[in-house]
Amino acid sequence: LRGTANKRPRQSKAVGSKYKDFENTIRSLKSKRNGLAPISRLPNELFVRIFSALQSALGRRKFYDWVVASQVSRHWRSIVLDEPLLWSRIDQISSLRQLHWAHISLERSRKCELDISIHEADPSLDHFDFILAALSQLKRIRTFDLFIDAGSYTPDSILRGLIQLLGTPAPCLQELKLD
């Protein structure tokens, strides 16, 4: 009995390893099958235009919901994650979830020009942290629309950042709104 009991963990590990190999094979075959579908022959640029239209159609309230397109296939995921233009518009960040996506957008937009719009009646310190992060990217901001309720507390660091904005070169800046 002892010999059999000692073999079970090794047998279980071997079965688990074969199972993972089988899953990887199935995943690979599914990717190959998806690659044969007619939609897979469309150029990536067309997908980027479609995903951009989806962003616009969803509007400000559900702006980051377009990211579900990245869950359709590996091909679509690579397009969504690798196209900086899709991440260059940062709009309506009010919830913590949207703040999370805003920080991701700053990173994934790489060197693209940015369009940033922040309208918040009751900003948190997390909002102010994001505003400072956004201002650190001033050289690539095309539009910056910031509305913070006058009754809310504005940390000195944000005010200093905005004042610094006035003296920093902003070669891409076309529109600046501060309320």
Side-chain angles (χ1 to χ4, degrees), residues 27 31 34 42 44-179:
R27 194 175 298 121
S31 288
N34 288 345
L42 295 175
N44 289 355
E45 294 80 13
L46 185 56
F47 283 106
V48 170
R49 291 182 73 175
I50 291 167
F51 296 151
S52 293
L54 179 59
Q55 285 177 332
S56 296
L58 288 171
R60 293 183 138 185
R61 303 199 85 204
K62 296 184 178 253
F63 184 70
Y64 289 103
D65 287 355
W66 70 272
V67 177
V68 299
S70 71
Q71 298 169 1
V72 171
S73 70
R74 287 180 179 192
H75 180 224
W76 287 22
R77 181 173 180 76
S78 69
I79 294 169
V80 167
L81 297 181
D82 294 337
E83 178 51 56
L85 189 61
L86 292 173
W87 299 95
S88 65
R89 183 173 155 207
I90 302 171
D91 206 356
Q92 282 303 90
I93 55 169
S94 54
S95 69
L96 289 177
R97 177 178 175 250
Q98 290 165 325
L99 275 169
H100 169 76
W101 282 112
H103 282 285
I104 288 173
S105 292
L106 277 181
E107 182 181 318
R108 289 186 181 160
S109 62
R110 296 187 197 121
K111 295 182 180 182
C112 276
E113 293 180 356
L114 297 169
D115 296 305
I116 301 173
S117 178
I118 304 167
H119 290 223
E120 185 53 44
D122 187 23
S124 68
L125 287 176
D126 292 326
H127 285 92
F128 292 121
D129 286 343
F130 175 75
I131 292 168
L132 286 176
L135 289 176
S136 75
Q137 301 296 314
L138 184 60
K139 66 181 178 278
R140 60 191 190 106
I141 294 177
R142 180 178 36 220
T143 62
F144 191 73
D145 181 5
L146 176 63
F147 169 80
I148 296 178
D149 186 352
S152 67
Y153 168 72
T154 305
D156 289 341
S157 57
I158 296 297
L159 295 175
R160 281 194 301 275
L162 292 173
I163 290 170
Q164 181 184 0
L165 174 79
L166 299 174
T168 304
C172 300
L173 191 64
Q174 295 175 7
E175 185 177 332
L176 173 65
K177 292 181 187 177
L178 302 174
D179 274 329

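Counting begins at 1 with the first residue of the sequence. As a basis for the values below, the full set of heavy atoms in this structure was taken, side chains included, without hydrogen atoms, waters or symmetry mates. What you see is a predicted model, and the numbers here were worked out from it, not measured in a lab.
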Interatomic spacing from [atom1] in [X] to [atom2] in [Y] - rounded to 0.5 Å:
X      : Y      : atom1 : atom2 : value
Leu42  : Arg49  : CG    : CZ    : 12.5 Å
Leu85  : Gln55  : CG    : CD    : 8.0 Å
His127 : Ile118 : NE2   : CD1   : 8.0 Å
Asp91  : Ser117 : CG    : OG    : 4.5 Å

I want to check something: taking the side chain as every heavy atom from C-beta on, are [X] and [Y] in contact at a cut-off of under 4.5 Å?
X      : Y      : result
Ile104 : Trp101 : yes
Gln137 : Leu114 : yes
Leu54  : Leu58  : yes

For [X] against [Y], the heavy-atom pair lying closest together:
X      : Y      : answer
Cys172 : Lys139 : SG-O, 3.4 Å
Trp87  : Ser109 : O-CB, 3.5 Å
Ser88  : Glu113 : CB-O, 3.2 Å
Leu81  : Arg110 : O-NH2, 4.0 Å
Ala134 : Ile141 : O-CD1, 3.3 Å

message: My understanding is that only one of Ile90, Ile116, Leu86 makes a side-chain contact (heavy atoms from CB on, under 4.5 Å) with Ser105; could you say which?
response: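 Answer after filtering Ile90, Ile116, Leu86: Ile90.
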query: Would a line drawn from the ring center of Trp66 to the ring center of Trp76 be shorter than 6.0 Å?
result: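 No; Trp76 has its ring centre 6.0 Å or more from that of Trp66.
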task: Output, in order, the C-alpha distance, side-chain angles, deciding distance and verdict of side chain to side chain contact (heavy atoms under 4.5 Å, CB included) for Glu83 and Phe51.
output: CA-CA 10 Å; Glu83 178 51 56; Phe51 296 151; over 6 Å; no
message: Going by salt bridge (Lys or Arg N to Asp or Glu O under 4.0 Å), Asp115 matches just one of Arg140, Lys177, Arg89, Arg142. Which one?
response: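 Option passing the salt bridge (Lys or Arg N to Asp or Glu O under 4.0 Å) with Asp115: Arg142.
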- request: Take His119 and Asp145 through the test side chain to side chain contact (heavy atoms under 4.5 Å, CB included) and record every step on the way to the result.
  value: CA-CA 8 Å; His119 290 223; Asp145 181 5; 2.9 Å; yes
- prompt: Checking side chain to side chain contact (heavy atoms under 4.5 Å, CB included) for the pair Leu178/Phe144: CA distance, chi angles, key distance, verdict?
  reply: CA-CA 8 Å; Leu178 302 174; Phe144 191 73; 4.3 Å; yes
